[in-house]
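This report concerns only the one structure given below.
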There are 2 protein chains.
Amino acid sequence: MTVPSSLHQRILADIGQKIVSGEWPPGHRIPFEHELTEQYGCSRMTVNKALTQLAKAGLIERRKRSGSFVARPRSQAAVLEIHDIRTEVEALGLPYRYSLSSLTQRLAETPEDATAGFSDAVPLLDIACRHFAGDAPFCLEERLISLEAVPEAAVQSFADTAPGAWLISHVPWSTAEHTIRAVAADRATARMLDVPPNTACLVVERRTWSGGLPVTRVRLTYPGTSHAVVARFTPEG
Amino acid sequence: MTVPSSLHQRILADIGQKIVSGEWPPGHRIPFEHELTEQYGCSRMTVNKALTQLAKAGLIERRKRSGSFVARPRSQAAVLEIHDIRTEVEALGLPYRYSLSSLTQRLAETPEDATAGFSDAVPLLDIACRHFAGDAPFCLEERLISLEAVPEAAVQSFADTAPGAWLISHVPWSTAEHTIRAVAADRATARMLDVPPNTACLVVERRTWSGGLPVTRVRLTYPGTSHAVVARFTPEG
DNA sequence: CTCACCAATATGTATATACATAATGAAAAG
DNA sequence: CTTTTCATTATGTATATACATATTGGTGAG
């Protein structure tokens, strides 16, 4: 969190904060430029600079004559193209099925929890579930959700909705860190994914923050060469 | 390549082009704002907008009283944090060694060449080499370089300098696409990496373009769990 | 000769203004 | 009742101007 040194940066940070915190949900109309002009006691060029930047970052969407609106979160896919798993499976023309394996509520305490970014004694949701493409397991998901950051998650059963999909529509924006590596499937993982032990698997670990607070850590294990992560970027953005 | 609809976008594209093409090498001084103002017959605010954007994209560096300069390319690491391999190895406190395995010049013709983005009959440099950490192979590199995009590469021996390091200092900026997957090492790969066959390996494939032209396709194979790719991003950028 | 100070300079930010453009909603014409 | 037209409105781009800020290079006091 850098201290905004200039006015347009402060406006940008203020509005960004409201969006990230969920105070202004997706679809919410941002005040018009002339309203912000009045609110901050500055010229239109200054608020325009802030809003233009927010639009380029994908946080807001601007429409002439209508105003500016909080953008629907496009998941982290926009930057690191990891799609929502349902979308991904359906893009392959296969029927998608989701299945919850376990869900427990506990306090952060293990060294792994600390590595994941959760401070000691933070209440956590510990979830294991699977995503299927047709009859075959497509991906194993092991997820921790901080109930400090997302208290509403405590009352969700996640029996029918995958936690990823639910979070995407409840945490509009965040900082994200991806770690991707290859591992040989251990006995338990192999059984869950229905592949021989020692099969090469792609493990994608994603940690996300919202407003400086860690929100969730998810480990996605994809069997064999069935999956690739693609990231594309251009200087212009 | 989108057609610049506004003046500041055209200025941005013009300068970006000069940098990407290498016409303005790293360290080269961009014309002062007042010079560009004159050249384009516009106000300083307009050129300032273009230069500010170029600076945020990391293409140029701005210094008060001195002017603006073409930035030293920081590799793609800035966005997808894949470091230069030498740096990566040395960060582990291990001695780095590079070794060229094969280098041939040929024309693009195989379906794989086409998949990599190289049109038929484009002259290519086909390179295989290895990066060592201490005595152990750290990573296997298989690279194609388009001699159409980088003709200077034809006279390089790459006996002592890894093609990646050489390219980074000769192609300042580009669009890049990363594909990351897990594979089991085949017999040949296993031998090159000095690991048992079927070891899970992380394969990072990177394709880069410069001014719309494909420049290089590199496949980096890391053995076992020795390596992870980390990508981090924040909305602000 | 050294150091403190100052003027010149290029970028950084902000203002007031102007006209262009796209989309909305309502009034007018068929 | 439908379609066309038009004024309204919010954003998009650009200008001329102003002052702030950081840095370079030189100048003068000690």
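Chain letters run A, B, ... following the sequence lines, proteins first, then strands; residues in each count from 1.
- Every residue two or more places apart in sequence or in another chain was checked for a side chain to side chain donor-acceptor pair (under 3.5 Å) with A:Q156, and none qualifies.
- Here A:R44 pairs with A:E33 under the side chain to side chain donor-acceptor pair (under 3.5 Å) rule; sequence neighbours left out.
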Nucleotide N/O of nucleotides 20-25 of chain C paired with protein N/O under 3.5 Å:
residue : atom : partner : partner atom : Å
C:dT24  : O2   : A:R65   : NH1          : 2.5

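- Taking every nucleotide of DNA chain D with any atom under 4.0 Å from a non-hydrogen atom of chain B, the first and last of them, 5' to 3', are D:dT13 to D:dT24.
- Legend: residues meeting ring pair (Phe, Tyr, Trp, His ring centres under 6.0 Å) with A:H8, ordered by chain and number and at least two apart, are absent.
- Judged as a ring pair (Phe, Tyr, Trp, His ring centres under 6.0 Å), and not counting sequence neighbours, B:F132 has no contacts.
- Near DNA chain C, meaning a heavy atom under 4.0 Å from it, residues 33-48 of chain B has B:E33, B:H34, B:R44, B:M45, B:N48 in order of number.
- Using a 4.0 Å heavy-atom cutoff across all strands shown, B:L7 reaches sugar-phosphate atoms only and no base atom.
- Checking A:L220, A:V204, A:L202 one by one against A:C139, the side chain to side chain contact (heavy atoms under 4.5 Å, CB included) holds for a single residue, A:L220.
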Can you list, pair by pair, the side-chain donor-acceptor contacts under 3.5 Å of residues 144-153 of chain A, counting residues two or more places apart and other chains?
residue : atom : partner : partner atom : Å
A:S146  : OG   : A:E148  : N            : 3.2
A:S146  : OG   : A:A149  : N            : 3.1

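- In terms of the side chain to side chain contact (heavy atoms under 4.5 Å, CB included) criterion, B:E38 has no residue partners (sequence neighbours excluded).
- Listed by first and then second residue, the ring pair (Phe, Tyr, Trp, His ring centres under 6.0 Å) pairs that reach into residues 143-165 of chain B are B:F158-B:W166, sequence neighbours excluded.
- Legend: residues meeting side chain to side chain contact (heavy atoms under 4.5 Å, CB included) with B:A133, ordered by chain and number and at least two apart, are B:V89, B:L94, B:F138.
- Nucleic acid contact for B:S68: sugar-phosphate only, since backbone atoms but no base atoms lie under 4.0 Å from a heavy atom of the residue.
- Residue pairs that meet the ring pair (Phe, Tyr, Trp, His ring centres under 6.0 Å) test with at least one member in residues 33-70 of chain B, sequence neighbours left out, are B:F32-B:H34.
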